[in-house]
Amino acid sequence: MKIATYNINGIRSRLGNLLAWLERERPDVACLQELKAPDAMFPAKALAEAGYEAAWVGQSAWNGVAILARGVRPVVSRRGLPGDAADVQSRYIEAAVDGIVIGCLYLPNGNPQPGPKFDYKLAWFERLIAHAAVLQASRHPVLLAGDFNVVPTDFDIYNTRSWLKDALLQPQSRACYAKLLAQGWTDALRTIHPDERIYTFWDYFRRHWETNSGLRIDHLLLNKRLAPRLVDAGVDRWVRGEKGASDHAPTWIVLDAGRSRPRRRTSGA
DNA sequence: ATGACTTACAGGGTAAGA
């Protein structure tokens with residue numbers, strides 16, 4: 001089972017890129033961020049024709065998240081992150097697919113910092129940490145996947161020089177990520193590739209794609225129930241090189257089949 | 001380097017992203 005996360009950076013303007021990727025890589029589940037589309041403008045029909053059912057939370061102009069599943073309907077368990085009823089930004093959706101609870105998230109960027117946007121990022125992160133504790137403790141296999149807008153360590157960026165003031169590298173942002181992992185989550189990409197420079201985002205400026213000047217900010221975190229099923233992880237870099245590409249590339253894991261229900265113990269014999 | 005690119009919304013020039 002292949003599950004991917006992909007910040008599409010505008011699902012309407014990049015629908016062709018999305019469909020080409022789905023057709024070629026055929027992920028079983030795709031978590032999308034930055035739809036930049038209101039609910040009514042989500043291209044559900046085109047995705048259904050490509051074999052994917054979807055659940056989404058849209059918003060005009062910015063944000064927006066979705067979970068696509070090939071051939072099955074995602075069973076939504078939550079729209080929006082708990083903890084702040086006044087938060088109107090569409091950054092979280094959670095659904096079960098094939099017995100796995102999947103939280104798809106788009107963590108606030110937080111720039112410029114310091115400032116209210118950075119405060120919002122850290123507050124949102126604390127709400128995520130609180131909800132993640134509940135998910136970690138649940139008896140279900142759980143995956144948290146999305147654009148976390150955090151470069152976890154200096155090994156996860158080509159060079160820190162021009163990013164030292166950026167919200168993605170701040171000690172507070174990294175401390176939140178470390179606090180989350182300390183609950184027992186497995187960072188799939190780093191676990192499978194402990195000694196490799198891996199990036200998931202290359203900005204549009206300064207020929208950063210052409211020079212492989214990237215950042216690792218899209219993450220897939222497995223709870224203790226799910227982690228034993230991790231088989232492989234990677235980045236579909238070819239997508240970033242396509243015409244009209246998002247500035248992120250799809251990032252994925254492969255899980256073994258597992259069991260949808262506990263096997264009944266056979267007695268006697 | 002309030003930079004550079006790119007998109008949404010709107011129908012020009014901001015706002016936002018990372």
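Chain identifiers are assigned alphabetically (A, B, ...) following the order of the sequence lines, protein sequences preceding nucleic acid strands; residue numbering begins at 1 within each chain. Scope of the values below: all heavy atoms of this structure, side chains included, with no hydrogens, waters or symmetry mates. Computed from a predicted model, the values in this text were never measured in an experiment.
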A:Asn111 side chain to A:Asn109 side chain, donor-acceptor N/O pair below 3.5 angstrom: yes

Nearest-angstrom distance from the residue atom CZ of A:Arg91 to C1' of B:dA16: 10 Å

Side-chain N or O of A:Asn7 closer than 4.0 Å to phosphate OP1/OP2 of B:dA18: yes

Any A:Lys117 side-chain N or O less than 4.0 Å from OP1/OP2 of B:dA18: no

Whole angstrom value for the distance that separates P of B:dG17 from OH of A:Tyr120: 10 Å

Length of the line joining A:Tyr199:OH and B:dA18:P, which is rounded to integer Å: 18 Å

Any A:Tyr106 side-chain N or O less than 4.0 Å from OP1/OP2 of B:dA18: yes

Spacing between A:Asn9 atom CG and B:dC5 atom C1', to the nearest angstrom: 11 Å

Spacing between A:Leu107 atom CG and B:dG17 atom P, to the nearest angstrom: 12 Å

A:Glu210, CD: over 12 other non-hydrogen atoms inside 6.0 angstrom: yes

Separation of the C1' atoms in B:dT2 and B:dT14, to the nearest angstrom: 14 Å

Test log, rule side-chain contact (heavy atoms from CB on, under 4.5 Å), inputs A:Leu230 and A:Val254: CA-CA 6 Å; A:Leu230 180 61; A:Val254 172; over 6 Å; no

Euclidean distance for C1', B:dC9 against B:dA4 (whole angstrom): 22 Å

Nearest-angstrom distance, C1' atom, B:dG3 to B:dG17: 15 Å

Candidate nucleotides B:dA8, B:dA18, B:dT6, ranked by approach to the side chain of A:Arg14 - the nearest: B:dT6

Side-chain N or O of A:Arg207 closer than 4.0 Å to phosphate OP1/OP2 of B:dC5: no

B:dT7 versus B:dA18 - spacing of their P atoms, nearest Å: 14 Å

B:dA1 to B:dC5 separation - C1' atoms, rounded to the nearest Å: 15 Å

Listed nucleotide nearest any side-chain atom of A:Ala61, set B:dT6, B:dA8, B:dA18: B:dA8

Euclidean distance, atom NZ of residue A:Lys121 to atom P of B:dG17 [Å, nearest integer]: 10 Å

NZ or CZ of A:Arg216 within 45° of A:Tyr199 ring axis and under 6.0 Å: no

More than 12 heavy atoms from other groups under 6.0 Å of CZ on A:Arg73: no

Phosphate OP1/OP2 of B:dA18 contacted by A:Asn149 side-chain N/O (<4.0 Å): yes

Protein-nucleotide distance (A:Gln89, atom CD; B:dG17, atom C1'), rounded to Å: 12 Å

Which residue lies more 5' along DNA chain B, comparing A:Asp147 with A:Ser13 via nearest heavy atoms: A:Ser13

Lys/Arg-Asp/Glu bridge criterion (N-O < 4.0 Å) met for A:Glu53, A:Arg70: no

Rounded distance in Å - CG (A:Asn109) to P (B:dA16): 11 Å

5'-most by nearest nucleotide on DNA chain B - A:Trp62 or A:Arg206: A:Arg206

Distance test, side-chain N/O of A:His248 to OP1/OP2 of B:dA18, below 4.0 Å: yes

side-chain N/O A:Arg216 vs B:dA18 OP1/OP2, d < 4.0 Å: no

P-based separation of B:dA10 from B:dA15 [nearest Å]: 14 Å

